Amino acid sequence: MQITIVGGGFGGVKAALELSRDKKSHITLITDKTDFQYYPGLYGTATGKSHLQSWVPLGEIFAGINNINVVIDTATKIDKSNKSITGASGTVYRYHTLVLALGSVTTYFGIKGLDQYAYGIKSEAEIKKLKQHLLDEFSKPNGVDKDILVVGAGPTGVELASALGTYLKELKEHFKQPEPRIRISIIEAGPRVLPRMSEEASALVATRLKELGVHVELNKKVEEETVDSLIVSGKPIKSHTVIWTSGVANNPFFAANADQFELSKNGKVVVDNYLRSGSSVYVIGDNAFTKFSGLAQTALKDAIFISRHILGESKKKYVAKMPPVVVPVGEKWAIFEYKKIRLSGNIASMIRSAADFVGYSDILPFGQALGVWRAQTIKEDEYFPVESPKA
Ligand SMILES: Cc1cc2nc3c(=O)[nH]c(=O)nc-3n(C[C@H](O)[C@H](O)[C@H](O)COP(=O)(O)OP(=O)(O)OC[C@H]3O[C@@H](n4cnc5c(N)ncnc54)[C@H](O)[C@@H]3O)c2cc1C
């Protein structure tokens, strides 16, 4: 059986691994990067921990598997009637069965200046840019930003803001930065932090953030970013360090091929009971209009589901299930929620650590997963130069 997968993230990689169990299957994985990105680890890498926890070469993941062929290309066009996908390279890929798992992209909701000046933590390139900026900023003899602004109080914003304190303290000491007052703030348009969790969880996290010295501004709207300020609800806050974690949108591939898909109001692909858009095109993970789309665990679950369907191992209909959510908030503290269970503190932090190990094991063999998981505690040398990056 010939199966083409587009996207080398959680959904695409997991689907390739699952489908490769059938030795009669030949899988072509088309993706635009040579690495798999473990997004839940990115905030750690952005705040001084090893990059090994955040990106893993696809070659390592598929080592020893002979029926997966990885092609580096960016899918731009689909023609369902011809059963073909076109890449930015100009190559036309014919498919028999297609799995689309292209993930989400950052959106700035058209807010002026953000695309030019804001930093992000959604990719290796964004993280390197942010870290270089922080190193440049902290190695200045004076004039360092007094306000470090994280926009968005979702899991990424909360994880990042709460880990930034320790990292910035290290940078401050390392560069003997004299600025006494550096404030980390989260700016959120909504009325509470972690709006997808319960109100009780939000309240616990708000208290924890306060203890960590993270300032939270709720019901505040980001209106513009200029070269040296963020305009928030009409008032400018002086800063060159604005980290945008707020908006995600479906991959633009789908809007560009809107005549080939039925799209929901939020731009995701409407799928049938087997996660299909048409008879031989499966759409999974962040791209599919399902209840819990937007989570890595959903993408992994979707990948297992469609693989079983494609291989004829199951005829069951898809049921969206709420996965457990666990968000780290600083060292040895996290918030965990699953159905009616809510835990906070070190116990939840241990659950998060275990969940990360399970996440890596979903993609990597046991030994490799263990190595990558352990890298979470290792400090990065490469991006923490011993000498100041600027004379
Ligand atoms: C910073 C951050 C932290 C997160 N933390 C968590 C968390 O703690 N827990 C959780 O459950 N979820 C978390 N998420 C969400 C989770 O990462 C996503 O839901 C998950 O990655 C979705 O999997 P996917 O396979 O749909 O897409 P992705 O994993 O994003 O994979 C998409 C792949 O497609 C490739 N691609 C994109 N466009 C093209 C194209 N045109 N052609 C070819 N290839 C293409 C991309 O490079 C990528 O390899 C986080 C997300 C972010 C950004």
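Values reported hereafter were calculated over all heavy atoms of this structure, with side chains retained and with hydrogens, waters and symmetry mates removed. Whatever order the structure lists them in is the order used to number ligands and atoms, beginning at 1. Source: prediction; values computed, not measured.
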K.L.:
Among all the protein's non-hydrogen atoms, which is closest to atom 38 (N) of ligand 1, and how far away is it?
P.N.:
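Result: N251 ND2, 3.0 Å.
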K.L.:
Just to be sure I read this right, does ligand 1 sit under 4.0 Å from the backbone of T76, its side chain, both, or neither, counting only heavy atoms?
P.N.:
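Neither; nothing of T76 gets under 4.0 Å from ligand 1.
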K.L.:
So, using ring-ring contact (aromatic ring centres under 6.0 Å, His included) as the criterion, who are the partners of Y95 when residues are at least two apart?
P.N.:
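Y95 satisfies ring-ring contact (aromatic ring centres under 6.0 Å, His included) with no residue once adjacent residues are dropped.
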K.L.:
Looking at non-hydrogen atoms alone, which of A75, P40, G87 comes nearest to atom 7 (C) of ligand 1?
P.N.:
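It is P40 whose heavy atom sits nearest to atom 7 (C) of ligand 1.
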K.L.:
Parallel, tilted or perpendicular: which fits the ring planes of H309 and Y274, with parallel below 30° and perpendicular above 60°?
P.N.:
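Ring orientation, 0 to 90° scale: parallel.
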K.L.:
With a 3.5 Å cut-off and no angle check, do the side chains of N250 and N287 form a donor-acceptor pair?
P.N.:
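There is such a pair (donor and acceptor under 3.5 Å, judged by atom type) between the side chains of N250 and N287.
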K.L.:
Considering G285, A46, G9, which one's heavy-atom position lies nearest to atom 28 (P) of ligand 1?
P.N.:
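Residue with the shortest heavy-atom distance to the ligand atom: G9.
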K.L.:
Counting heavy atoms only, which of A299, A303, A296 is nearest atom 13 (C) of ligand 1?
P.N.:
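Considering heavy atoms of A299, A303, A296, the nearest to atom 13 (C) of ligand 1 sits in A296.
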K.L.:
Side chain or backbone, does D286 bring an N or O within less than 3.5 Å of an N or O on ligand 1?
P.N.:
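Yes, there is a polar N/O contact under 3.5 Å.
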K.L.:
Mark yes or no: K265 above the aromatic ring of F289, with NZ or CZ under 6.0 Å from the six-membered ring centre and no more than 45 degrees from the axis.
P.N.:
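No, cation not above the ring by the 6.0 Å, 45° rule.
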K.L.:
For ligand 1, which atoms have a heavy atom of Q297 less than 4.0 angstrom away?
P.N.:
11 (O)
K.L.:
For atom 35 (C) of ligand 1, tell me which residue out of I284, V326, L160, D32 has the closest non-hydrogen atom.
P.N.:
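The nearest heavy atom belongs to D32.
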K.L.:
List the atom of G154, the atom of E188, and the distance in Å for their closest heavy-atom pair.
P.N.:
N-OE1, 4.4 Å
K.L.:
Just to be sure I'm reading this right: ignoring hydrogens, which of Y39, W55, Y43, F254 gets closest to atom 17 (O) of ligand 1? Compare them by their nearest heavy atoms.
P.N.:
Y39
K.L.:
Between the candidates L102, I5, L100, which shows the shortest non-hydrogen contact distance to atom 37 (C) of ligand 1?
P.N.:
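It is L102 whose heavy atom sits nearest to atom 37 (C) of ligand 1.
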K.L.:
Residues in side-chain hydrogen bond (donor to acceptor under 3.5 Å, both in side chains) with D22, at least two apart?
P.N.:
S25
K.L.:
Using non-hydrogen atoms of the residue, decide whether G294 is closer than 4.0 angstrom to ligand 1.
P.N.:
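Judged by the 4.0 Å heavy-atom criterion, G294 does count as contacting ligand 1.
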K.L.:
From atom 20 (C) of ligand 1, work out which of F253, F36, F10, Y38 has a heavy atom at the shortest distance.
P.N.:
F10
K.L.:
Out of all atoms in ligand 1, which are within 4.0 Å of some heavy atom of D73? Include the element for each.
P.N.:
42 (N), 43 (C)
K.L.:
Would you call E313 and R21 a salt bridge, using N to O less than 4.0 angstrom?
P.N.:
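Salt bridge flag = yes for R21 with E313.
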K.L.:
Looking just at side-chain N and O atoms, do S239 and D147 make a donor-acceptor pair shorter than 3.5 Å?
P.N.:
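No donor-acceptor contact under 3.5 Å links the two side chains.
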K.L.:
For the residue pair K49 and Y167, would you count it as a cation-pi contact if the rule is NZ or CZ under 6.0 angstrom from the ring centre and within 45 degrees of the ring axis?
P.N.:
no
K.L.:
Mark up the atoms of ligand 1 that fall under 4.0 Å of a heavy atom belonging to G8, in ascending order.
P.N.:
33 (C), 34 (O), 49 (O)
K.L.:
Measuring from the heavy atoms of D302, does anything fall under 4.0 Å of ligand 1?
P.N.:
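Judged by the 4.0 Å heavy-atom criterion, D302 does not count as contacting ligand 1.
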K.L.:
Students should be able to answer this: which protein heavy-atom is nearest to atom 27 (O) of ligand 1, and at what distance?
P.N.:
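The protein heavy atom lying closest is G103 CA, 3.2 Å.
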K.L.:
Looking at ligand 1, does R352 have a heavy atom less than 4.0 Å from it?
P.N.:
yes
K.L.:
Using the rule side-chain hydrogen bond (donor to acceptor under 3.5 Å, both in side chains), only one of D73, T86, T4 pairs with Y93; which is it?
P.N.:
D73
K.L.:
For the 3.5 Å polar cut-off, considering only N or O atoms, please tell me whether G11 and ligand 1 meet it.
P.N.:
yes
K.L.:
Judged on heavy-atom distance to atom 1 (C) of ligand 1, which of T31, T156, D356, I72 sits nearest?
P.N.:
T156
K.L.:
With a cut-off of under 6.0 Å to the ring centre and 45° to the axis, is K268 in cation-pi contact with F254?
P.N.:
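Negative - K268 is either too far from the ring of F254 or too far off its axis.
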K.L.:
Give the residue, atom name and distance (to 0.1 Å) of the protein heavy atom nearest atom 34 (O) of ligand 1.
P.N.:
G7 CA, 3.2 Å
K.L.:
So, taking the atom named OG in S307 and the one named CD1 in I5, what distance separates them when rounded to the nearest 0.5 Å?
P.N.:
7.0 Å
K.L.:
So is N287 close enough to ligand 1, meaning a heavy atom under 4.0 angstrom away?
P.N.:
no
K.L.:
Using distance alone, with no hydrogens and no angle criterion, decide if E137 and T241 have a side-chain donor and acceptor under 3.5 Å apart.
P.N.:
no
K.L.:
Before signing off on this row, confirm whether D35 and ligand 1 have an N or O atom pair separated by under 3.5 Å.
P.N.:
no
